[in-house]
Each structure stands twice: as structure tokens, then as C-alpha cells.
Amino acid sequence: PLEFISLIAPLLESRRYSIPAFGTEVVAHHNLRVFATRNLHATSYRMLSTPSSVALSEKQLVVPQLYHYFQLWSNVVVHPVGLSELRSIIAQLYPSVFGSLIDLLLNTLYGDSSVATEYVNMREALRIIERIGTYSKEYHNLSGFVTDSVKVMAWKELVEVLVLKCRNPDQLVSMAFHYAFRLGLHQGDVEEQFRISPQLSIHPSINGKGIVRIGRCSIDSSVDLALRNSLTSSSYSQTAYARRLLERLAVCVSMNEPVLLVGETGHGKTTNVQELARIVGQKLVVLNLCLSSDIGDLLGGYRPMSTKQLFKPVYEQFVNLFHETLSSAKNNEFLQKTNSFFLDQSWSKLLKAIEKACQSAIGKLQQASKESSTSDLEDKIDRWSDYLKSIVRYRENLAKIKSGFAFSFVRGLLLEAFEHGYWILLDEINLASAETLQGLSGFLDTKQKSTVVEGHDSHGKPQKVLRQSS
């Protein structure tokens with residue numbers, strides 16, 4: 001945007017930035033360095049890769065009015081990784097996949113090319129290899145000989161990553177047979193894979209909750225075997241196609257890959273995700289997006305609250321911590337008193353009682369840790385200590401809370417799902433605004449922690465969420 005260009009251009013030109021509102025000029029620190037990235041389409045990359053017309057190509061790729069701005073940067077073109085380097089990367093990341101299969105896959109993907117072309121980028125190639133390194137013991141062949149069954153399994157991973165995103169059925173089948181031919185498979189082997197019906201079963205596990213197996217994929221169940229319902233549902237017909245789709249979704253879930261289901265209304269996009277969540281026993285949060293959806297609605301934001309609404313999560317957190325750490329039977333009278341304080345909205349008495357309980361719990365835990373220190377005890381001490389800090393902060397600001405409007409950061413459904421490891425279904429994501437999609441991109445791009453800058457948690461720290469493997 002032009003606003004961003006007007007902001008960053010003075011910094012690039014003179015390492016100074018003027019703030020008109022304050023009438024001051026900020027000089028950049030001598031250690032400041034600025035890096036930026038820019039994605040190029042394959043055609044644009046080929047233009048820049050032609051030595052005879054590099055200067056002309058750069059001008060053609062930039063809007064004339066902005067050419068001076070782009071000249072402020074030192075441009076470094078990052079070329080595709082060579083196939084020999086890509087093979088070394090794969091061998092280092094996935095040593096369990098034997099070399100002859102890696103060579104066969106790279107030859108299938110890139111043919112006689114010496115570099116990883118734009119048609120299959122390195123990220124897609126690594127996704128295929130990662131799946132191969134995860135599924136099926138047949139991939140880990142000590143002899144190094146690629147059997148037909150291994151080729152079929154590798155073809156399935158290749159098709160699910162590269163081919164199934166094609167919307168044209170005829171082109172999809174053509175591409176699938178093309179890759180099968182490159183792998184050296186027979187037409188009959190491929191046609192059988194289009195008709196196969198994956199099996200659904202559940203097996204016992206050490207924790208007693210079981211493992212749900214869908215085709216080649218296994219997912220830990222969230223429901224005890226004794227409480228589990230049937231794997232079949234009266235409202236969902238598990239046809240061969242439906243089971244193949246469930247298997248593909250299950251593989252994406254186990255690989256922690258975001259899934260975009262594309263299809264017309266009524267084709268079962270939402271239903272299939274709901275059925276997989278039911279089979280696994282996983283809680284599913286459905287968020288219906290539209291043009292008016294705001295990222296603040298999904299992640300949360302500061303909302304005006306009544307005093308009781310403000311204290312309710314504080315009291316609930318105290319009760320949960322108390323039950324996890326101390327005996328509820330021996331302290332039943334104390335718990336009844338704190339409950340009456342909450343119901344009568346006697347906030348001062350409630351905070352004093354909770355603060356006293358926090359100090360007592362921390363003292364007992366510290367004494368227990370001296371006798372036998374464990375990570376579980378240390379974790380509980382940290383949780384009680386953090387909670388005590390928040391209680392002290394509430395007590396110090398109680399007069400302000402009573403006299404004015406109370407605002408608190410209320411978590412949205414998306415943030416709740418991230419913190420508790422729920423599954424998230426963003427229904428009709430194509431209707432969301434560009435600003436909303438930009439806010440969601442951070443959750444889809446990384447497996448590391450993301451900070452939500454709109455608000456803070458109960459301890460005054462920026463909200464942080466971690467993508468759960470479930």
C-alpha cells in the first residue's frame with residue numbers, strides 16, 4: 001500500500017523518520033537492518049533469470065511510479081534449490097526413506113530437470129517425503145528395492161498432495177495416471193485405488209482411550225473405549241468414496257496440515273469434518289464466516305463487562321486449581337463460603353479468601369517439593385503463583401472496578417480452540433474479508449507460538465497460543 005511505502009521509504013533513503021504530530025525526527029540505531037521478501041510468479045522469475053535483459057525485466061515487473069522505491073533495495077534473487085541439494089536435504093531430514101525411493105520420486109516430480117521447478121515447489125516435495133517417512137513400514141525397506149506396493153503407496157501420497165486439489169475431474173484423472181506412469185505403475189493398480197474402500201476400526205491403547213484407524217492413518221481417540229459410541233452413524237452413509245475422503249482428512253489431521261475443502265453447497269464439506277470429529281471423539285468448533293466477520297470476533301477483544309462477569313472466570317479458575325491440588329472433602333466448608341461470597345457478589349471478601357488459600361496452597365506445595373521434587377509439583381507452584389499475582393492485581397484495582405465500567409479481554413472461539421486443542425472449522429472462508437484472512441494467516445503458516453497483540457491474559461501478558469498436534 002502507498003501508506004506503507006511513504007512510511008518505509010525515508011528509512012531506506014536516510015535512516016531517519018519524521019513524526020509530524022510530535023515535530024521530532026527519529027534516527028535509526030546503527031544496528032538496524034531491514035529485510036523484505038517478495039514472491040514472484042514463475043513467469044516473472046524466468047524474466048529475472050535471463051541475463052541479457054535483467055534490467056529491462058525489473059522495470060517490467062514494477063509499476064513505473066514505484067520503480068524508484070524498489071531501487072532503494074539491494075535485490076537478491078533466490079533461485080530454486082538444485083535437485084542434488086534437494087536430495088541431500090531430504091536424506092538429512094528423513095533418513096528412514098531409502099535413497100532409491102527418493103531418486104524415483106524426484107525423477108517422477110521433476111523429470112530430467114536439474115532444479116526444482118515452479119510446477120512442484122520444494123515445500124510440496126518435502127510434504128510428500130514427510131508423509132512417506134511417516135506412513136507404512138514398507139517404505140523403510142532395508143534392501144533399498146522399490147516394490148510395486150511401495151510405488152502404489154508413494155503414488156497415493158503424491159496424488160493427495162499434488163493432484164486432488166485439481167477441480168476438473170478429467171484433468172485430475174489424467175494427472176493421476178501421468179504420475180503413475182512416471183512411477184512405473186500399471187493402469188490396473190491405479191484404477192483399483194480409485195475404487196478401494198478404506199477400513200475403519202478401533203484398537204485399545206495404553207491410556208485406555210483407544211486408537212482409531214482409518215485406512216493407513218491412525219489417530220489417538222479422545223474418548224474412553226468404555227464410553228465410545230459406534231464408529232458408524234445413522235445420519236452418515238459411509239460409502240467407499242466417503243471413506244476415502246475420511247482417510248484423506250485423517251492423514252491431514254495426523255500430519256498437522258490445514259485442510260481446505262472445496263465444493264458446491266450440499267456436497268458434504270462440513271458433514272465430513274463433523275463425522276471425522278465424531279469418530280475420533282474430538283471437539284469441533286464451527287465458525288461461520290461472512291463479509292462482516294472481524295478478526296476480533298474470532299480471536300477476541302476487550303468487551304464491557306459487569307463485575308460478576310469479570311469475576312466469574314477468576315472464581316472458576318480458583319475452583320479448578322483447588323480441586324487439582326487440595327482435598328475438597330476436608331475443605332468443604334471453606335469452598336461453600338467462597339461460593340456464597342461469589343453469589344452475594346462480596347468481591348472484597350472473595351478476593352481475601354482466595355488470596356489466603358493461594359498462600360496456603362503454595363506453602364504446602366513448596367514443602368512437598370522439598371521432600372520429593374517433581375515437575376508436576378513445580379508446575380502447580382508456578383500456576384498458583386501466577387494466579388496469586390492476578391488476584392493481588394484484582395484486589396488493588398477493586399475500587400476502580402466498582403466505580404466505573406469494567407473492560408476485560410474476552411477470548412474468541414478461535415483462541416479458545418487453539419488453547420485447548422479443539423478442531424476448528426472455518427465455514428464459508430471464501431466470504432471472509434481480506435483483513436480477516438490476513439489475521440488468520442499467522443495461525444496457518446507456523447507451528448510456533450503466535451502472539452495476539454489485541455489483548456492480554458489474566459496475568460497481564462500478551463495472549464499466546466500454540467498449535468496443538470491434535
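Every value quoted in this text rests on a predicted model; they were computed, and no experiment measured them.
Under the 6.0 Å distance and 45° angle rule, Lys308 counts as a cation-pi partner of Phe342.
Between Leu287 and Leu425 the shortest side-chain heavy-atom distance does not fall below 4.5 Å. Annotation: side chain of Val262 is in contact with side chain of Arg167 (closest heavy-atom distance under 4.5 Å). Taking the side chain as every heavy atom from C-beta outward, Glu247 and Lys156 approach each other to under 4.5 Å.
No side-chain donor from either of Trp347 and Thr307 sits under 3.5 Å from a side-chain acceptor of the other. Between the side chains of Thr270 and Asp427, at least one donor N or O lies within less than 3.5 Å of an accepting N or O. Side-chain contact annotation: Ser218 with Arg213, donor-acceptor N/O pair under 3.5 Å present.
Using cut-offs of 30° and 60° for the angle between ring planes, the Phe318 and Tyr315 rings count as tilted.
Put simply, the side chain of Arg15 gets close to the backbone of Leu32: a donor and an acceptor are under 3.5 Å apart. Between the side chain of Ser328 and the main chain of His323, no donor-acceptor pair closer than 3.5 Å is present. Under the 3.5 Å distance criterion, the side-chain polar atoms of Ser221 are matched with a main-chain donor or acceptor of Val280. Between the side chain of Ser385 and the main chain of Ile381, a donor-acceptor pair closer than 3.5 Å is present. With hydrogens and angles disregarded, a donor-acceptor distance shorter than 3.5 Å links the side chain of Gln282 to the backbone of Gly421. In terms of modelled atom types and a separation under 3.5 Å, the side chain of Asn339 and the main chain of Leu335 share no donor-acceptor contact. The backbone N or O of Lys337 lies less than 3.5 Å from a partner atom in the side chain of Ser340, making a donor-acceptor pair. A donor-acceptor pair under 3.5 Å is absent between the side-chain atoms of Ser360 and the main chain of Lys356, judged by distance alone. Between the side chain of Tyr394 and the backbone N or O of Phe311 there is no donor-acceptor pair closer than 3.5 Å. Side chain of Thr239 to main chain of Ala242: a donor-acceptor pair is present (N/O by atom type, distance under 3.5 Å, no hydrogens or angles).
When all heavy atoms of Ile132 and Leu105 are compared, the closest pair comes out as CD1-CD1, 3.2 Å. Scanning both residues, Ser433 and Ser293, for their nearest heavy atoms gives OG-O, 3.9 Å. A pairwise comparison of heavy atoms in His267 and Asn272 identifies O-ND2, 4.5 Å as the closest pair. In terms of heavy atoms, Thr338 sits closest to Ala353 at CG2-CB, 4.0 Å. Across all their heavy atoms, Leu246 and Ile214 have their closest contact at C-CG2, 4.1 Å. The nearest pair of heavy atoms linking Ala250 to Leu276 is N-CD2, 3.9 Å.
Arg244 and Glu160 are not joined by a salt bridge, as no carboxylate oxygen comes within less than 4.0 angstrom of a charged side-chain nitrogen. A salt bridge is absent between Glu416 and Lys283: the closest approach of a Lys/Arg side-chain nitrogen to an acidic carboxylate oxygen does not fall below 4.0 angstrom.
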message = Determine whether Lys269 and Glu428 satisfy the following criterion, salt bridge (charged side-chain N to carboxylate O under 4.0 Å, His left out), listing intermediate values before the conclusion.
response = CA-CA 10 Å; Lys269 301 185 295 295; Glu428 305 294 348; 5.6 Å; no

inquiry  = For a salt bridge (charged side-chain N to carboxylate O under 4.0 Å, His left out) check, start with the C-alpha distance between Arg383 and Glu378, then their side-chain angles and the critical distance, and finish with the verdict.
reply    = CA-CA 9 Å; Arg383 290 169 60 190; Glu378 295 296 332; over 6 Å; no

task = Could you walk me through whether Val286 and Leu413 pass the side chain to side chain contact (heavy atoms under 4.5 Å, CB included) test, one step at a time?
result = CA-CA 9 Å; Val286 181; Leu413 290 175; over 6 Å; no

key: Derivation of the side chain to side chain contact (heavy atoms under 4.5 Å, CB included) call for Arg216 and Glu157   = CA-CA 11 Å; Arg216 68 185 187 280; Glu157 309 296 352; 2.9 Å; yes

inquiry  = Working note: Tyr387 + Val314, criterion side chain to side chain contact (heavy atoms under 4.5 Å, CB included); need CA distance, chi angles, decisive distance, verdict.
reply    = CA-CA 9 Å; Tyr387 181 68; Val314 177; 3.6 Å; yes

message = Thr436 vs Leu298, test: side chain to side chain contact (heavy atoms under 4.5 Å, CB included). Steps then yes/no.
response = CA-CA 9 Å; Thr436 302; Leu298 304 180; 3.9 Å; yes

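Under the rule for a side chain to side chain donor-acceptor pair (under 3.5 Å), the partners of Glu257 that lie at least two apart in sequence or sit in another chain are Arg127, Arg131. Scanning for ring pair (Phe, Tyr, Trp, His ring centres under 6.0 Å) contacts around Phe341 gives an empty result, with sequence neighbours left out. Listed by chain and number, the residues in a salt bridge (Lys or Arg N to Asp or Glu O under 4.0 Å) with Glu355 are Arg395 (sequence neighbours excluded).
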